Amino acid sequence: MSRLATTGEVLQLIRSGEAVTRADIGRVTGLSRPAVAHRVADLLQRGLILEDADGPSTGGRPPMRLRFAASGGVVPVASLGARRTQIALCDLAGEVLQRTDLDIDVEEGPDVVLPLLMDTWEKLLDGRDDVVGIGLGVPATVEFAAGRVESARVMASWTGVVIPPIIAERFRVPVLVDNDVNVIAMGEHRVVYAAELDDLLFVKVSTRIGAGVISGGGILRGALGAAGEMGHIPVRDGGGVLCRCGNLDCVDSVASGTAILRDLRAKGRDVTSLADVTALVRAGDAETMAVVRQAGRWLGEVISGAVNLLNPAVVVLGGDVAEMFQPLVSGVREVVYRRSTQLATRSLRIERSRLGPGAGITGCALMVLDHVLSARAVDAAAR
Ligand SMILES: [Zn+2]
């Protein structure tokens, strides 16, 4: 580092595990011993790090080890689904401390849902007053900087609502809101892949289709936060299906869970939920496998375009439909490896989500922690 590392930057080194002793900090930053001592004392005093004498003893005095104080605060989070919402408290490492799920219909609107969320967090907090920030994932397009819900068709009653000030009025901490698939992509990347790769495309196929893009290690949001809205890219030869957005043959209208159910019913199959479809796939039902595989091909068309544009190292398929992974991924692979460029697919992996349904709350916590524990935020708080 060419200028003197700040206290916030020293915290980043300890959080990431790059530095575990004072000597490490000195070596990485070039700071003098008194300067290191000053910054470490500041972080200790603020409860952001702990110092233990449990390093390996090599005779003489054991080295003091520094570690990030994950228990030094709490982050209430919620991942809103259309019908079901996951609510949790996480520690400062993003680990879930407590979790509860609520059946709420988001269409009840912010006046009903937000107070219910805040009451639930308060119940879980049980008097704790060390909340450092709050994170929310919502099934809608979000103008990230403002925390404004933009989508007009999903969560219609939320359109134009700016969520952070409503929550900050009660909790008085930074409140961050993002699209649900973005937070899931962040969670999946950080927990499963961060050590090995920086570029990931997460495609969520449930009732609807959406995507989150991790590029160069960070979420790609676009100018206003609408990046990754993959569901409304049209496919070829979709058969002329009218999408709820008004266009024809959007991938959402031909390859989503909703579309798979509709196509199976049109063939006279008695299926009422995606769980029914998953059971048929597991039983090896040929007709169901063919419908899911065709959905995979259409999905593959859109994914191949995204692969050409973004060159991810891995495409992760998540959401309820990922339960039908085999026929779905066969269809996706068939098209992606044919249509994408050779360089983009040379080492491309297509995998199933490993974090599963918990990725949303983990991602929400990480979104908040990256914000409140950033070097800049930590240094600003000291002033
Ligand atoms: Zn559409």
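Side chains are part of it too, since the values below use all heavy atoms of this structure and drop only hydrogens, waters and symmetry mates. The structure presented is a predicted model; accordingly, all values stated were derived computationally and were not measured. First listed ligand is number 1; within each ligand, the first listed atom is number 1.
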### Message
Which residue in the set Arg148, Glu150, Glu229 passes side chain to side chain donor-acceptor pair (under 3.5 Å) when paired with Thr141?
### Response
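Single side chain to side chain donor-acceptor pair (under 3.5 Å) partner of Thr141 among Arg148, Glu150, Glu229: Glu229.
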### Message
Assess whether a salt bridge exists between Arg221 and Asp178, defined as any Lys/Arg side-chain N lying under 4.0 Å from an Asp/Glu carboxylate O.
### Response
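Yes, this pair counts.
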### Query
Going through the checks in order, is the salt bridge (Lys or Arg N to Asp or Glu O under 4.0 Å) test met by Asp126 and Arg128?
CA-CA 6 Å; Asp126 193 25; Arg128 265 187 96 150; over 6 Å; no
### Query
For the side-chain contact (heavy atoms from CB on, under 4.5 Å) test, which of Val77, Ile134, Leu136 pairs with Leu117?
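Only one of Val77, Ile134, Leu136 forms a side-chain contact (heavy atoms from CB on, under 4.5 Å) with Leu117, namely Leu136.
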### Query
Can you check salt bridge (Lys or Arg N to Asp or Glu O under 4.0 Å) on Asp24 and Arg27, steps first, answer last?
CA-CA 5 Å; Asp24 290 344; Arg27 195 160 51 237; 2.6 Å; yes
#### Entry: In the protein, N/O/S atoms that are found under 2.8 Å from the Zn ion (ligand 1), waters not counted
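Listed by chain and number, the nearby protein N, O or S atoms are His232 ND1, Cys243 SG, Cys245 SG, Cys250 SG.
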### Query
What's the verdict on salt bridge (Lys or Arg N to Asp or Glu O under 4.0 Å) for Asp370 and Arg190, showing C-alpha distance, side-chain angles and the deciding distance?
CA-CA 11 Å; Asp370 283 354; Arg190 194 74 66 85; 2.5 Å; yes
